[in-house]
2 protein chains.
Amino acid sequence: MRRPRVAALPAADLVILTIREQRLNVLLVKRGKKDEPYFGWLALPGGFVRPGESLEDTAKRELAEETGLDGGKLPLQQVRTYSLPNRDPRGRIVTTAFLAIAPNLPEVTGGTDASRADWIEVDELRSTPLAFDHNQILSHTLEHARRLLEYTTVATAFCPELFTVSELRQVYEAVWGVSLNPQNFHRKVRRTEGFVVDADKRRTDQPGRPAELFRRGPARILYPPMLRPNQGDGSEDPAAQT
Amino acid sequence: MRRPRVAALPAADLVILTIREQRLNVLLVKRGKKDEPYFGWLALPGGFVRPGESLEDTAKRELAEETGLDGGKLPLQQVRTYSLPNRDPRGRIVTTAFLAIAPNLPEVTGGTDASRADWIEVDELRSTPLAFDHNQILSHTLEHARRLLEYTTVATAFCPELFTVSELRQVYEAVWGVSLNPQNFHRKVRRTEGFVVDADKRRTDQPGRPAELFRRGPARILYPPMLRPNQGDGSEDPAAQT
DNA sequence: TCAATAGTGTCTGTCAGACACTATTTT
DNA sequence: AAAATAGTGTCTGACAGACACTATTGA
């Protein structure tokens, strides 16, 4: 009985998100001449698995190469694997998408090998075609990130070490694309044990009453979760596999 | 500049869950002689990707081979990809886990090619070693399924076409491993629009007042979600990548 | 003093937990 | 009638939405 198999090159693609100017940004690279096909297109950073590496290793290495960030410290989450036979014209390449959440970095762009890396506002990309199936990967991963903000505390990973409740709220507003009531958000965050820890300092570089500064707390799961408004009528499943 | 790459065989493994006797069961196969390594061990059903197939195609094909179910009709969800270089002694095999949720099937076991397929109670497997990294795959996928029951209506996929609220509750109780208050569950289910649709029939094969029968409704997302009791202190992240 | 931002108090509506109660069947 | 299961009503507490109110800074 024949059992045909097929070999593939495993790869990891990264969706690295951050907040800049209160908007959600994603790190994209412009593909160079040596990157045929899709020369000149925008693409997610990523690369092939090397001998001895797991996909997670590859993702960490690419993250370090692109941003200088230590993948061991940032939340780096596997999201989904893309395997359509014709998704890459170079051949059979099966890629796994990883979500990385980064604070606003002082100087990120210009990684070691990508021809150019730049933060792009996610909202600007709704009608911009990306290389390969990266539009789909980005869209799935964004939905994954939105879901994560509901029941985990990863939103704090978008913030610097010390942050205000306002800044944390702006993370939620940017990722979810909604406005949240500042007072209710404040109450929710401070009443959820372990979400944030008072750093006993204040931010004084703004007009208005100085805001207290916090560090991320020990909790990783939010229970009860943050309620994301505006869920539609529930007849669509964002996790559908079609 | 050297860019070493590595080729791998992509594979799909299936975690097929059902409820039997009010307990959560998973379909496992016993590995035969031709299945070295791990001869005689229990393993998740699965197989290699064939030319022209995506991982989803492979999962659907394996599901049909193992259970005779049409993968296009059952919810079949990608969960996570496992890629440690030494996870399979035969070589570099990268496998993607899929979750399938099945109603209690009349005659499931004895697929076409697996030497033997059998439903096993998940609780019995806590101290049973499975082949490869399948214990880990099973544990991740179970947590994924538990999470799905919170915010989607997939629990109805465990039920036959017509089912009672009691049966639906027993799905939640079996998957979550908790007891739920029957009255409150009943109210929650019936008040959530589109979760279930009254079939205008009754179940009469039991002592006690006959229960109304329902079909699954059009909703796919539960908003607000079902609250899973007993979440612990929230300091652990079930989605952690370590 | 005013604008601006941070943070608190409080009312209300929704919903989950608890549980008493009613309803409808078999034995 | 008793046992068994299904389903409803209702009280209570937790919490989200809304928003008035206080607090603390710079201009």
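A, B, ... follow the sequence lines: proteins, then strands. Residue 1 opens every chain.
- Side-chain N/O atoms of A:K188 include one lying less than 4.0 angstrom from OP1 or OP2 on D:dA16.
- Distance alone, capped at 3.5 Å, places no donor-acceptor pair between the A:Y172 side chain and the A:A155 backbone.
- Minimum interatomic distance between B:L222 and B:T152 (heavy atoms only, all atoms of both residues): CD1-O, 3.3 Å.
- Atom P of nucleotide C:dA16 and atom OH of B:Y223 are separated by 12 Å, given to the nearest angstrom.
- Under the side chain to side chain contact (heavy atoms under 4.5 Å, CB included) rule, A:F98 has a single partner from A:T141, A:L63, A:L55, which is A:L55.
- Between the CG atom of B:L227 and the P atom of D:dG13 there is a distance of 19 Å, given to the nearest Å.
- Atom C1' of nucleotide C:dA16 and atom CE of B:M226 are separated by 11 Å, given to the nearest angstrom.
- The CG atom of A:D205 sits 12 Å away from the P atom of D:dA27 (whole-angstrom rounding).
- Formation of a donor-acceptor pair under 3.5 Å by the A:H134 side chain with backbone atoms of A:A43 is not found in this model.
- C:dC15 atom C1' lies 15 Å from atom CZ of B:F185, rounded to whole Å.
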>> Protein within reach of the bases, or only the backbone? For nucleotides 2-12 of chain C, mark each nucleotide 5' to 3' as B, S or -, using heavy atoms under 4.0 Å.
In response: --BBBBB-B--
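- Not counting sequence neighbours, the partners of A:T156 by the side chain to side chain donor-acceptor pair (under 3.5 Å) test are A:R216.
- Whole-Å rounding puts the B:R203 CZ to C:dT25 C1' distance at 15 Å.
- Of the listed residues (A:D13, A:T58, A:T81), just one forms a side chain to side chain donor-acceptor pair (under 3.5 Å) with A:T96, and that residue is A:T81.
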